[in-house]
**Student:** 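Here it is, the structure, as structure tokens.
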Protein chains: 2
Amino acid sequence: MVTIYDIAKQANVSAMTVSKVINNTGKISEKTRVRIKKIMEEMNYVPNSMARSLVLQETKMLSLLIPDITNPFFTTVARGAEDAAMRLGYKLLFGNSDESLSKEKEYVDMVLSTRVDGVLFSAASDLSGPHLETLRRHKIPFVLLDRYVPGIDCDMVSGDSKEGARKLVEHLIAQGHRRIAVINGSLTVSTARERLAGYREALKLNDIPADDELILEMNYKQFADEAALRRLLELPEPPTAVFAGNNFIAVGLIRKLLELGIRVPDQMSVVCFDDLGASVIDPFFTVVSQPAYQFGAMGIQLLIDRIKGATTPEWKRVVLPSELIIRGSSSAPESKRA
Amino acid sequence: MVTIYDIAKQANVSAMTVSKVINNTGKISEKTRVRIKKIMEEMNYVPNSMARSLVLQETKMLSLLIPDITNPFFTTVARGAEDAAMRLGYKLLFGNSDESLSKEKEYVDMVLSTRVDGVLFSAASDLSGPHLETLRRHKIPFVLLDRYVPGIDCDMVSGDSKEGARKLVEHLIAQGHRRIAVINGSLTVSTARERLAGYREALKLNDIPADDELILEMNYKQFADEAALRRLLELPEPPTAVFAGNNFIAVGLIRKLLELGIRVPDQMSVVCFDDLGASVIDPFFTVVSQPAYQFGAMGIQLLIDRIKGATTPEWKRVVLPSELIIRGSSSAPESKRA
DNA sequence: CTGTTAGCGCATTCAA
DNA sequence: TTGAATGCGCTAACAG
């Protein structure tokens with residue numbers, strides 16, 4: 001491997017001089033600068049960032065931990081994060097936790113030994129606290145993404161899940177629905193709690209009685225509990241609309257509904273959080289769409305600000321706006337139609 | 001930061017002894033081993049992989065370069081790659097090239113200085129050759145993913161684009177189509193050439209005359225040329241079916257077709273390469289689906305085999321099977337229907 | 001403007 | 001079974 005010493009020897013200077021032209025630091029005469037640059041070119045020299053990291057105590061690497069890159073929301077987050085990191089001169093290490101604490105722990109261990117400069121962290125659940133404390137103990141800055149973790153004060157970028165859920169449910173109410181079910185992610189995830197709170201608020205604001213039988217808790221990874229759905233449909237007064245906690249739940253739900261011969265939106269309206277990605281042909285779901293790309297880009301921005309100490313000591317909390325997009329998966333209930 | 005020296009001091013041994021228990025190398029008495037382990041626990045010691053990399057000359061990091069993580073095909077590739085890498089004890093650095101040679105070059109430079117142990121590389125185009133030669137000059141093993149690059153001999157995992165295209169087009173022919181257009185990616189990408197070849201072969205095998213007016217070259221990132229589409233539709237004998245080079249082209253095409261009031265599949269059948277991801281509700285496109293997850297996992301596998309010298313010196317070429325999935329976007333042409 | 005010294009955290013080699 | 005010396009490639013701090 002070519003090192004600064006090889007360059008130095010070739011150029012009849014000391015290694016230090018070479019180092020200085022690499023980093024544009026110190027005073028070097030223009031003559032020797034171009035001469036050394038030329039030699040570096042010729043010898044295909046590339047600085048070894050491991051060695052540099054070791055002495056500088058920084059790696060210029062960030063890591064992104066998300067539940068699942070396969071979810072279009074996080075795919076786009078990742079793209080935003082990668083673009084921002086690249087633009088600011090950082091590399092991005094990434095990992096999927098599948099909302100599993102044990103995978104998350106594995107990943108945190110990896111991250112610690114890699115000495116990344118910071119972590120953009122979308123927590124598996126409320127129980128991720130210890131992992132974050134581990135990071136903090138090792139003085140690795142992190143920014144929370146999307147999900148709040150109780151007891152952890154830090155920078156964070158998120159959407160407003162409560163407000164988004166409220167908008168979605170009020171849209172259903174405005175269409176005439178009164179029996180509205182929720183199929184939610186695990187309540188150990190902050191966004192799921194907030195979405196439930198938004199749902200409840202919408203009902204209350206519209207004087208619709210809450211009915212716990214209409215509230216199902218599953219997980220964000222997929223539609224998980226067919227039996228629960230059947231029970232929902234066999235209620236004396238079944239729901240005419242469902243608010244799905246995220247896109248994956250909504251997709252799974254629709255599939256089940258199709259299997260059961262229930263038409264959407266004719267017999268059942270379905271709305272959900274988060275869009276389905278750029279590749280979808282005929283946008284179908286009524287959703288609250290969050291600016292996923294911004295989530296990632298802004299997260300990296302906050303993280304780097306924090307790393308560089310370019311921020312105020314107080315924690316920053318950025319809340320990105322979401323947008324209600326009304327499409328074909330929701331309509332007035334049968335009973336209210338001509 | 002806690003180092004082996006801190007541990008050593010605490011345990012009244014030399015740093016080397018600590019190093020040996022960390023790596024399970026050399027002979028250490030069981031007593032001191034557990035004692036040192038305990039102290040490492042207590043002091044929250046985590047080995048510094050930068051320092052280790054520097055001496056061992058390996059980073060246990062791999063990098064994945066793809067055109068765009070936002071494309072569901074590559075999203076799934078990335079997931080397969082990350083899982084495989086993690087399982088085998090490697091971290092994954094990732095980057096998007098957007099099929100741009102200059103972004104690709106930037107990324108290659110980053111990768112060189114990071115001293116990753118290997119690169120899983122989905123080339124921007126035929127012109128990526130120099131980038132690969134750069135990697136080779138620096139003795140960084142790589143495996144090509146999905147796309148062949150002329151003049152570069154190496155390990156590779158790919159699908160059979162020609163065969164897949166042939167199946168797709170023969171399906172259309174079997175349905176009665178004779179005027180079949182192609183909207184393809186750039187012909188500087190190997191898969192686009194092979195898909196075109198498969199198309200041509202299918203026509204020839206069925207004695208259908210080739211017509212260059214039916215062949216459009218765009219790019220894989222999106223549907224790019226509306227004017228060309230109009231020309232296609234205004235041909236004296238317009239196509240009754242289109243073979244789209246990939247999923248993004250197909251999605252863009254459908255959108256345009258909808259705008260123009262052309263119904264799919266009634267007035268125009270559309271088929272394409274690659275599926276649209278797990279999040280799609282109602283699978284619609286007739287596609288040739290490739291096992292994207294395997295692409296990623298197998299790519300990492302080959303790469304690590306190569307790194308470890310666990311392979312034969314000859315280059316390996318793994319071709320993953322693809323599957324024709326017939327769905328609603330294709331049907332018999334109007335002229336052939338009752 | 002340029003060079004010398006020292007050390008980042010760790011593992012290999014060889015000696016004790 | 002353990003330890004001392006050495007070096008991986010680089011840069012900060014200082015000396016010339």
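Keep in mind the model is a prediction, meaning the values are calculated, not measured. Reminder, nothing fancy here: chain letters follow the sequence lines and each chain counts from 1.
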**Student:** Has Thr17(B) got a side-chain N or O lying under 4.0 Å from the OP1 or OP2 atom of dT2(D)?
**Tutor:** no
**Student:** Using a heavy-atom cut-off of 4.0 Å across all strands, would you classify Leu56(B) as base, sugar-phosphate, or nothing?
**Tutor:** sugar-phosphate
**Student:** Would you kindly give the CE-to-C1' distance between Met16(A) and dA15(D), to the nearest whole Å?
**Tutor:** 13 Å
**Student:** Give a yes/no answer on whether the side chain of Thr3(B) brings an N or O atom under 4.0 Å of OP1 or OP2 in dG9(C).
**Tutor:** no
**Student:** If we only count heavy atoms from C-beta on, is the Leu101(A) to Ser128(A) side-chain gap below 4.5 Å?
**Tutor:** yes
**Student:** Is the distance from OP1 or OP2 of dT2(D) to the nearest side-chain N or O of Ser29(B) less than 4.0 Å?
**Tutor:** yes
**Student:** Is Ser19(A) close enough to dT11(D) that one of its side-chain N or O atoms is under 4.0 Å from OP1 or OP2 there?
**Tutor:** yes
**Student:** Taking OP1 and OP2 of dA11(C), is either one under 4.0 Å from a side-chain nitrogen or oxygen of Arg52(B)?
**Tutor:** yes
**Student:** OP1, OP2 of dC8(C) versus side-chain N and O of Asn48(B): anything below 4.0 Å?
**Tutor:** no
**Student:** At under 4.0 Å between heavy atoms, what does Thr32(B) touch on the DNA or RNA strands: base, sugar-phosphate, or nothing?
**Tutor:** sugar-phosphate
**Student:** Where each residue is assigned the nucleotide of DNA chain C containing its nearest heavy atom, which of Val46(B) and Arg33(A) is assigned the position nearer the 5′ end?
**Tutor:** Arg33(A)
**Student:** With no angle test and no hydrogens, is the base of dC10(D) tied to the side chain of Tyr5(A) by a donor-acceptor pair under 3.5 Å?
**Tutor:** yes
**Student:** Starting at the 5' end of DNA chain D, which residue's closest nucleotide do you reach first, Ala51(B) or Ile28(B)?
**Tutor:** Ile28(B)
**Student:** Specify the separation, in whole Å, of atom CG of Leu54(A) and atom C1' of dG9(C).
**Tutor:** 5 Å
**Student:** Select one nucleotide: of dC8(D), dG3(D), dC10(C), the one nearest the side-chain heavy atoms of Ser14(B).
**Tutor:** dG3(D)
**Student:** Measure from CD1 on Ile7(B) to C1' on dG9(C) and round the result to the nearest Å.
**Tutor:** 12 Å
**Student:** Which of parallel (below 30°), tilted (30 to 60°) and perpendicular (above 60°) describes Phe94(B) and Phe94(A)?
**Tutor:** tilted
**Student:** Taking Asp83(A) first and then Arg79(A), would you say they form a salt bridge - that is, a charged N and a carboxylate O separated by under 4.0 Å?
**Tutor:** yes
**Student:** When you check the phosphate oxygens OP1 and OP2 of dA11(C), does a side-chain N or O of Gln57(B) lie under 4.0 Å from one of them?
**Tutor:** no
**Student:** What do the steps show when you test Met86(B) against Met110(A) for side-chain contact (heavy atoms from CB on, under 4.5 Å), and what is the final call?
**Tutor:** CA-CA 9 Å; Met86(B) 186 82 172; Met110(A) 243 189 186; 3.6 Å; yes
**Student:** Rounded to whole Å, please give me the gap between CZ in Arg35(A) and P in dC1(C).
**Tutor:** 14 Å
**Student:** Counting C-beta onward and ignoring hydrogens, is there a side-chain heavy-atom pair between Met156(B) and Leu302(B) closer than 4.5 Å?
**Tutor:** no
**Student:** Figure out the CE/C1' separation between Met1(B) and dC8(C), and round it to whole Å.
**Tutor:** 9 Å
